[in-house]
Amino acid sequence: AVGFEDAASGPALRKPSEREGELRIITIDGFDRSACGGTHVSATGEIGPILIRKVERAHQSVRLEFLCGMRAVRRARADFEALTKIARVFSSPLDETPAIAASQTEALAASEKARRKLAVELAQVRGRELYAAAPPASDGLRRHELRIAKGALDDEVRATAQGFAANPKALFLAIAEEPPSLLLAVSADSGIHAGNVLKAALSAKGGRGGGSQNMGQGSVPSREKLEAVRSALP
């Protein structure tokens with residue numbers, strides 16, 4: 001309900017008003033009574049249907065996202081049509097779609113985890129094959145250099161390096177041009193501390209990195225400095 005009262009009469013409001021003179025009072029029976037000059041309906045029924053879209057915690061309160069009237073109707077129709085299309089993809093009744101989607105998401109995650117595990121194992125095998133094909137140099141080390149034009153030095157690259165360096169007298173170097181980075185892996189009997197050697201070469205060219213005795217990794221600001229670091233490595 002909408003009414004008018006004089007501020008001097010001290011009307012009972014949820015939040016006292018600092019204004020003087022006649023106040024416009026909005027009352028919702030049993031819920032709220034406030035002074036407000038904004039747009040209000042004369043009865044809550046004029047609002048029409050209400051569609052609550054989201055409920056979330058906000059500090060110590062609750063934040064609601066909702067639509068009213070025909071906007072709520074149009075949004076509900078659009079939601080139903082979208083859900084119907086999703087249910088059609090899964091060939092399932094609409095009410096069963098959330099459970100099926102969750103189940104297939106879990107299956108996909110498990111499949112991806114298994115794929116990554118197999119990819120790492122395959123990369124280790126590839127590393128051993130590269131070692132077998134690499135002839136020993138004059139210092140007795142077998143070397144392999146892997147160049148990647150674009151992409152990070154990921155788990156598969158590290159697995160390949162580990163497979164190579166797991167053998168005697170081995171040195172494996174991986175270089176990614178974009179972003180510019182390096183990975184150095186060596187066998188325990190190589191006489192080289194991979195982390196220390198790589199860190200020193202990177203630091204001299206403004207790069208950062210380090211690692212353990214058997215494996216080091218780092219990056220440099222540019223491709224030009226990448227080649228300079230490469231020249232400084234054994």
Side-chain angles (χ1 to χ4, degrees), residues 56 85-86 89-90 100-234:
E56 61 184 7
K85 291 178 181 178
I86 294 171
V89 169
F90 287 110
I100 293 175
S103 175
Q104 293 203 11
T105 299
E106 292 177 4
L108 180 61
S111 177
E112 177 60 19
K113 183 178 180 180
R115 186 202 67 78
R116 289 197 301 267
K117 181 181 178 182
L118 290 173
V120 167
E121 292 176 355
L122 179 61
Q124 290 176 338
V125 172
R126 188 181 304 119
R128 293 194 291 269
E129 291 176 345
L130 291 172
Y131 175 86
S138 57
D139 58 1
L141 292 177
R142 298 195 187 202
R143 289 176 170 82
H144 182 80
E145 182 173 312
L146 174 66
R147 287 268 179 171
I148 301 173
K150 190 172 184 179
L153 300 174
D154 56 16
D155 289 344
E156 291 184 36
V157 174
R158 284 189 286 272
T160 303
Q162 289 170 342
F164 190 95
N167 299 282
K169 295 288 184 179
L171 186 152
F172 183 96
L173 179 63
I175 300 175
E177 297 180 357
E178 184 62 40
S181 51
L182 304 94
L183 180 146
L184 177 65
V186 298
S187 59
D189 61 355
S190 65
I192 300 170
H193 191 293
N196 291 348
V197 167
L198 186 58
K199 181 178 181 180
L202 289 167
S203 298
K205 299 301 177 181
R208 296 188 301 174
S212 65
Q213 179 175 347
N214 298 114
M215 183 176 292
Q217 190 170 345
S219 61
V220 287
S222 67
R223 291 177 62 177
E224 292 74 19
K225 293 186 177 182
L226 184 68
E227 297 305 324
V229 172
R230 168 64 189 95
S231 300
L233 295 176

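Quick caveat: nothing in here was measured; it's all calculated off a predicted structure.
Shown here are the side-chain contact (heavy atoms from CB on, under 4.5 Å) partners of A165, two or more places apart in sequence or in another chain: A185. For the side-chain contact (heavy atoms from CB on, under 4.5 Å) test, residues two or more places apart in sequence or in another chain that qualify with A137 are D139, R143. With sequence neighbours excluded, no residue forms a ring pair (Phe, Tyr, Trp, His ring centres under 6.0 Å) with H193. By the side chain to side chain donor-acceptor pair (under 3.5 Å) test, R142 is found to be paired with no residue, residues two or more places apart in sequence or in another chain being considered. Remark: D154 engages no residue in a side chain to side chain donor-acceptor pair (under 3.5 Å) (not counting sequence neighbours). Contacts of E56 classified as side-chain contact (heavy atoms from CB on, under 4.5 Å), with partners at least two apart in sequence or in another chain: K54, R63. Evaluation of the side chain to side chain donor-acceptor pair (under 3.5 Å) rule for E227 yields R147 as partners, not counting sequence neighbours. Take S187 and apply the side chain to side chain donor-acceptor pair (under 3.5 Å) test, not counting sequence neighbours, and it matches D189. Evaluation of the salt bridge (Lys or Arg N to Asp or Glu O under 4.0 Å) rule for E112 yields R115, R116 as partners, not counting sequence neighbours.
Residues L226 and E177 come closest through the heavy atom pair CD2-CA, 3.9 Å. When every heavy atom of L198 is checked against every heavy atom of Q217, the shortest pair comes out as CD2-N, 3.3 Å. Here the closest non-hydrogen pair linking S222 and P180 is O-CB, 3.8 Å. For A170 against L141, the heavy-atom pair with the smallest separation is N-CD2, 4.0 Å. Shown here for A176 and G151, the closest heavy-atom pair between the two residues is CB-O, 3.4 Å. Of all the heavy atoms in A133 and P135, the pair that sits closest is O-CD, 3.5 Å.
Remark: the backbone N or O of A107 is not paired with any side-chain donor or acceptor of S111 at under 3.5 angstrom.
Listed by first and then second residue, the ring pair (Phe, Tyr, Trp, His ring centres under 6.0 Å) pairs that reach into residues 125-161 are Y131-F164, H144-F172, sequence neighbours excluded. Residue pairs meeting the salt bridge (Lys or Arg N to Asp or Glu O under 4.0 Å) criterion with at least one partner in residues 198-209, sequence neighbours excluded, do not occur; the list is empty. Among residue pairs with one or both ends in residues 117-130, none qualify as side-chain hydrogen bond (donor to acceptor under 3.5 Å, both in side chains); sequence neighbours excluded.
Interatomic distance, I100 CD1 to I86 CD1, rounded to the nearest 0.5 Å: 12.0 Å. Taken to the nearest 0.5 Å, the OG atom of S181 stands 7.5 Å off from the CD1 atom of I148. For the atom pair N196 CG and S212 OG, the distance stands at 9.5 Å (nearest 0.5 Å).
The only member of L171, L182, I175, I192 that meets side-chain contact (heavy atoms from CB on, under 4.5 Å) when paired with L233 is L182.
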